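A note on names: the letters A, B, ... follow the listed sequences, proteins ahead of strands, and every chain is numbered from 1. Fair warning: this is a prediction, and the values are worked out from it, not measured in the lab.
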Amino acid sequence: MRLSRYFLPILRDTPKDAEIVSHRLMLRAGLVRQQSAGIYAWLPLGLRVLSKINAIVRQEQDRSGAIELLMPTMQSADLWRESGRYDAYGKEMLRIKDRHERDMLFGPTNEEMITDIFRSYVRSYKDLPLNLYHIQWKFRDEIRPRFGTMRSREFLMKDAYSFDVDEAGARHAYNRMFVAYLRTFARLGLTSIPMRAETGPIGGDLSHEFIILASTGESEVYCDKSVLDLAVPGPDTDFNNVEELQTIVGNWTKPYAATSEMHDEAVYDAIPEDRKVAARGIEVGHIFYFGTKYSEPFGAKVTGPDGVDRPVHMGSYGIGPSRLVAALIEAFHDDQGIAWPVEIAPFHVGLINLKVGDEATDAACETVYRALESRNIDVLYDDTDARAGGKFATADLIGLPWQIIVGPKSLADGKVEVKRRADGERRVVSIEEAVLLVAG
RNA sequence: CGGGGUAUAGCGCAGUCUGGUAGCGCAUCUGGUUUGGGACCAGAGGGUCGUGGGUUCAAAUCCUACUGCCCCGACCA
């Protein structure tokens with residue numbers, strides 16, 4: 001992509017409304033634009049990041065055995081009356097009337113709808129286990145949205161729903177998602193900590209929040225440092241192996257880790273002093289087992305091998321990709337701007353032409369540009385006639401992992417400069433070497 | 001929802017108290033000089049002053065109602 005033809009509205013000044021660093025940088029780097037309180041338009045660069053996150057989330061959901069579908073944003077109130085949540089949900093639910101005065105709503109979550117879909121088709125235990133997920137926009141009419149896309153009213157959520165014949169099956173479904181989440185966040189470059197969370201009316205120990213540590217996080221968290229050293233399960237993990245998954249989850253839930261709501265001073269105090277961690281964190285995922293809470297009122301039953309119908313045991317599992325964009329920036333930035341991890345960077349390389357119009361630099365840039373494109377490496381070529389300083393500032397701000405800087409100085413020796421954004425390391429190399437270097 | 005702010009050009013702001021032809025910086029456009037970490041000079045364009053009502057010869061400014069947005073608290077992927 002040539003920057004001169006792209007849509008990248010960079011802000012030089014910091015918008016005064018943005019309080020936290022990720023919000024400031026998202027606005028400055030032209031990732032999002034606020035359209036209303038807690039409602040954002042995703043600009044081209046931001047959308048590319050969001051899509052990359054979605055792709056990783058999707059791969060790990062698929063790997064764990066979940067199946068993607070897509071449910072609508074608009075839902076009928078009748079569905080929610082069946083579960084009793086139409087009245088229970090309160091003002092956070094955006095309620096709308098259609099032209100026939102029918103009660104509709106913008107979905108804040110999809111337990112009701114997925115249970116309706118399930119009961120319409122599934123009759124036999126032989127069709128289980130089943131885990132269906134989608135990545136869809138949600139709306140929760142927060143009293144006070146803040147922190148940009150970290151807490152917005154409209155937000156993107158990956159929500160998965162599992163269906164099993166019994167609690168043991170549901171526990172395994174829960175473990176699959178638990179492991180999938182560990183892998184997802186690790187692939188995004190984040191260290192996530194599963195923390196015991198409120199389970200609501202069902203009770204038991206089957207709800208965890210996945211927290212990443214960040215000083216701007218909204219939750220107070222306490223944990224045993226040893227949880228940070230655990231190895232994330234590899235891609236060869238057998239998601240069908242009940243014992244293997246239970247062992248992994250057991251290891252990850254053994255060290256103490258809790259948010260302030262679930263914090264147990266006595267247990268925390270027993271941790272050796274040098275392993276205590278009290279910090280702030282951002283909730284990036286939440287998983288629940290809730291048994292037959294929805295399957296019973298909805299009559300979502302399957303016939304077991306004994307010929308008896310039973311309501312299915314369900315769980316739900318959420319990740320917020322639009323929040324993750326902000327969370328990732330909180331984790332990966334410096335004074336100059338964003339420094340994206342390679343896996344989610346909107347482009348892999350920024351190619352900077354320091355002297356547009358100069359025959360030699362133009363030609364060298366075209367060579368690099370074509371070499372990268374032919375290797376399917378995403379490159380954003382700054383072919384604008386801005387000055388060097390401005391180009392450097394923009395490149396550092398938008399934070400592409402690599403910068404290839406082409407100017408008369410190094411080109412005199414037939415060389416270009418390669419800068420790694422994360423640590424600022426620079427190397428002067430030939431064009432061929434530069435391409436190989438960023439190609440990894 | 002309670003409390004506190006704020007609304008003037010794309011962005012950041014002054015002007016409001018004390019009514020009298022709407023300004024500054026950045027950004028944008030034109031020309032020129034520049035050109036390796038956000039250049040300089042000269043010129044230009046761009047604003048129903050959040051919206052409605054009122055007072056006045058005259059309203060960004062005074063009165064009034066409404067709305068948007070932001071911050072602090074309780075709720076949430």
With respect to the phosphate group of B:C70, does any side-chain polar atom (N or O) of A:Q34 fall under 4.0 Å of OP1 or OP2?
-> yes
Pairing partner of B:U55, by Watson-Crick or G-U wobble and under 3.5 Å for both distances, is none
Side chain of A:D17 only, please: which of B:G36, B:C70, B:C72 is the nearest?
-> B:C70
A:F392 on top of B:G38's base, within under 5.5 Å and under 30°?
-> no
Assert: residue with more 5' nearest nucleotide on RNA chain B, out of A:T394 and A:G285, is A:T394
Partner of B:C26 under the Watson-Crick or G-U wobble criteria, both distances under 3.5 Å, comes out as B:G10
Give A:G390 one of three labels, base, sugar-phosphate or nothing, depending on what nucleic acid heavy atoms sit under 4.0 Å from its own.
-> base
Should we say atom CZ of A:R2 is surrounded by more than 12 heavy atoms from elsewhere, each under 6.0 Å from it?
-> yes
Look at all strands and tell whether A:E283 reaches a base, only sugar-phosphate, or nothing, counting heavy atoms closer than 4.0 Å.
-> sugar-phosphate
Identified pairing partner of B:C1, criterion: Watson-Crick or G-U wobble below 3.5 Å = B:G73
Between A:D62 and A:Y133, a side-chain donor and acceptor under 3.5 Å | yes
Any N or O donor-acceptor pair linking the side chain of A:R387 to the base of B:A39 at under 3.5 Å?
-> yes
State whether A:K91 places a side-chain N or O below 4.0 Å from either non-bridging phosphate oxygen (OP1 or OP2) of B:C1.
-> yes
